[in-house]
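In what follows, chains carry the letters A, B, and so on, assigned in the order in which the sequence lines appear, proteins first and then strands, with residues in each chain numbered from 1. The shown structure was predicted, so the numbers you read here are calculated from the model rather than taken from an experiment.
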Number of protein chains: 2
Amino acid sequence: MVEYRDTELDRTLAALADPTRRAILARLTEGDARVTEVAAPFEMSLNAVSKHLKVLEGAGLVRRDVRGRDHWLSFDGAPLTAASDWIDHYRRFWEGRLDALARFLRDNKANKERRKDK
Amino acid sequence: MVEYRDTELDRTLAALADPTRRAILARLTEGDARVTEVAAPFEMSLNAVSKHLKVLEGAGLVRRDVRGRDHWLSFDGAPLTAASDWIDHYRRFWEGRLDALARFLRDNKANKERRKDK
DNA sequence: ATTATATTCAACACTATGGTTGAATATAGA
DNA sequence: TCTATATTCAACCATAGTGTTGAATATAAT
């Protein structure tokens with residue numbers, strides 16, 4: 001009884017958390033491909049890859065263009081914006097703290113030097 | 001029989017994919033807190049939050065400082081770098097494609113105008 | 001028409017995840 | 001010492017995720 005709505009961000013991050021799926025995206029940035037082509041390099045079954053593709057599609061990271069019996073897949077980076085924004089916000093926060101720490105240490109050292117000079 | 005090694009990136013992204021855990025991180029950027037304090041605003045049990053904290057700790061996103069019976073938790077943004085880098089790479093790739101498309105459309109329109117002018 | 005190819009669907013198994021409750025442990029305070 | 005507080009540990013449950021195989025479907029090619 002969890003009652004919680006999967007947001008787009010949830011789906012995007014969950015999709016990206018799997019290394020197979022990230023590899024699929026990497027493949028698709030080199031050019032559109034059919035399911036069989038995408039699946040070829042992987043050691044798992046075609047069906048397993050097909051499932052991963054559905055997850056990526058569900059997250060909006062992959063588009064599918066059905067032409068006859070071939071399904072042409074392409075990368076869609078649009079959902080990355082939200083994920084990137086979220087992470088970068090916290091990353092910047094963190095780096096800001098590190099900078100503040102560095103400043104503090106530097107100033108503190110300067111103070112010590114001054115004290116020594118007296 | 002999957003035989004695949006969880007990379008740090010996998011753990012980071014998986015940790016971030018849960019909205020409760022992202023909320024916990026948000027809370028911790030406002031200041032270090034004990035487990036009880038972190039858990040207070042959530043509608044789930046303390047134990048559930050404790051588990052989420054362990055996931056975040058396992059991903060290196062949360063540090064724990066045990067002082068007596070209190071566990072002080074703090075945000076650690078270091079693992080975000082790899083995640084941010086990965087996503088930004090693909091985001092830039094994607095935006096580059098959009099730019100190229102925009103250029104193409106603009107030039108194409110210019111061509112049409114020129115043709116019309118003849 | 002028959003056969004081959006591309007892909008999904010369905011059923012199953014196993015593991016992981018996210019939650020619960022109750023007990024255990026460790027520290028703090030009276 | 002006794003009691004209250006902070007936290008984890010352990011067992012359990014339900015659901016979701018990732019993989020498998022075999023059958024179904026749709027299109028293409030001979």
Side-chain angles (χ1 to χ4, degrees), chain A residues 1-25 27-28 31-59 61-74, chain B residues 1-25 27-28 31-59 61-74:
Chain A
M1 208 242 270
V2 183
E3 187 79 43
Y4 103 83
R5 296 201 276 123
D6 233 17
T7 69
E8 180 182 325
L9 183 54
D10 292 332
R11 273 192 300 274
T12 303
L13 291 169
L16 295 180
D18 185 286
T20 302
R21 288 196 285 263
R22 290 199 306 276
I24 291 176
L25 291 184
R27 164 63 183 84
L28 289 179
D32 298 355
R34 295 171 304 122
V35 176
T36 318
E37 290 163 358
V38 169
F42 295 96
E43 286 194 329
M44 64 190 67
S45 72
L46 175 70
N47 277 6
V49 173
S50 172
K51 280 191 186 182
H52 281 301
L53 284 167
K54 242 174 290 181
V55 173
L56 288 166
E57 212 186 346
L61 289 161
V62 159
R63 300 278 233 99
R64 183 187 303 252
D65 181 19
V66 179
R67 286 190 226 159
R69 63 183 169 178
D70 295 336
H71 296 203
W72 284 92
L73 305 159
S74 55
Chain B
M1 208 242 268
V2 182
E3 188 78 44
Y4 100 85
R5 295 202 277 123
D6 234 18
T7 68
E8 180 182 325
L9 184 53
D10 293 330
R11 272 192 301 274
T12 303
L13 291 169
L16 295 180
D18 186 287
T20 301
R21 287 194 287 263
R22 290 199 304 278
I24 290 175
L25 292 184
R27 164 64 184 83
L28 289 179
D32 299 356
R34 294 171 304 121
V35 176
T36 317
E37 289 163 358
V38 169
F42 294 96
E43 285 194 330
M44 63 190 68
S45 71
L46 175 71
N47 277 7
V49 173
S50 173
K51 278 192 185 182
H52 282 301
L53 284 167
K54 243 175 286 182
V55 173
L56 289 166
E57 211 184 346
L61 289 162
V62 159
R63 301 278 233 98
R64 183 186 302 253
D65 180 20
V66 180
R67 285 190 228 159
R69 63 183 169 177
D70 294 336
H71 295 204
W72 284 91
L73 307 158
S74 55

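Only at 4.0 angstrom or more do the heavy atoms of residues 33-43 of chain B sit from any atom of DNA chain C, so none qualifies. Residues from residues 61-68 of chain B that place a heavy atom under 4.0 Å from any atom of DNA chain D, listed by number: B:Arg64.
The shortest non-hydrogen separation linking B:Ala17 to A:Ala14 is CB-N, 3.6 Å. For the residue pair B:Gly68 and B:Val66, the shortest heavy atom distance occurs at O-CG1, 3.5 Å. The two residues A:Val62 and A:Leu25 make their nearest non-hydrogen contact at CG2-CD2, 3.8 Å.
The shortest distance between the side-chain N/O atoms of A:His71 and the OP1/OP2 oxygens of C:dA6 is not below 4.0 Å. Close to D:dT8, at under 4.0 Å from its OP1 or OP2, lies a side-chain N or O of B:Ser50. Put simply, B:Ser45 has a side-chain N or O that comes within less than 4.0 Å of OP1 or OP2 on C:dT20.
Side-chain proximity of A:His52 to the nucleotides D:dT20, C:dT20, D:dT18 is greatest for D:dT18.
Atom-to-atom, CH2 of B:Trp72 to C1' of D:dT5 comes out at 14 Å; the value is rounded to the nearest Å. Here C:dG18 presents its C1' atom at 17 Å from CG of B:Leu16, a figure rounded to the nearest Å. At whole-Å resolution of the value, CG in A:Asp10 and P in C:dG18 are 11 Å apart. Rounded to an integer number of Å, the gap from CE of A:Met44 to P of D:dT21 is 13 Å. One can place CG of A:Asp70 at 9 Å from C1' of C:dT7, the figure rounded to the nearest angstrom.
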Compile the donor-acceptor pairs under 3.5 Å between side chains in residues 43-57 of chain A and protein atoms, sequence neighbours left out, one pair per line.
unit_1  : atom_1 : unit_2  : atom_2 : d
A:Ser45 : OG     : A:Asn47 : N      : 3.4
A:Ser45 : OG     : A:Ala48 : N      : 3.1
A:His52 : ND1    : A:Arg21 : NH1    : 3.1
A:Glu57 : OE1    : A:Arg64 : NE     : 3.0
A:Glu57 : OE1    : A:Arg64 : NH2    : 2.9
A:Glu57 : OE2    : A:Arg64 : NE     : 3.3

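Nearest-nucleotide assignment on DNA chain D puts the 5′-proximal partner with B:Leu53, out of A:Thr20 and B:Leu53. When each of A:Val49 and B:Leu46 is assigned the nucleotide of DNA chain D with its nearest heavy atom, B:Leu46 is the one assigned upstream, toward the 5' end.
A salt bridge links B:Asp65 and B:Arg67; the closest N-O separation between the charged side-chain nitrogens and carboxylate oxygens is under 4.0 Å.
Evaluation of the side-chain contact (heavy atoms from CB on, under 4.5 Å) rule for A:Arg22 yields A:Pro19, B:Thr7, B:Leu9, B:Asp10, B:Leu13, B:Trp86 as partners, not counting sequence neighbours.
B:Arg69 contributes no side-chain N or O that forms a donor-acceptor pair with the base of D:dT7 under 3.5 Å.
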Using a cutoff of under 3.5 Å, can you pull out all pairs of nitrogen or oxygen atoms linking the protein to nucleotides 9-13 of chain D, with atom names and distances?
unit_1 : atom_1 : unit_2  : atom_2 : d
D:dC9  : OP2    : B:Lys54 : NZ     : 3.3
D:dC9  : N4     : B:Asn47 : ND2    : 2.6

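The neighbour count for B:Arg27 CZ, taken as heavy atoms of other residues, nucleotides or ligands under 6.0 Å away, is above 12.
Looking at heavy atoms from C-beta onward, B:Leu61 lies in side-chain contact with B:Leu16 at the 4.5 angstrom threshold.
Residue pairs meeting the side chain to side chain donor-acceptor pair (under 3.5 Å) criterion with at least one partner in residues 32-41 of chain A, sequence neighbours excluded, are A:Arg34-A:Glu37.
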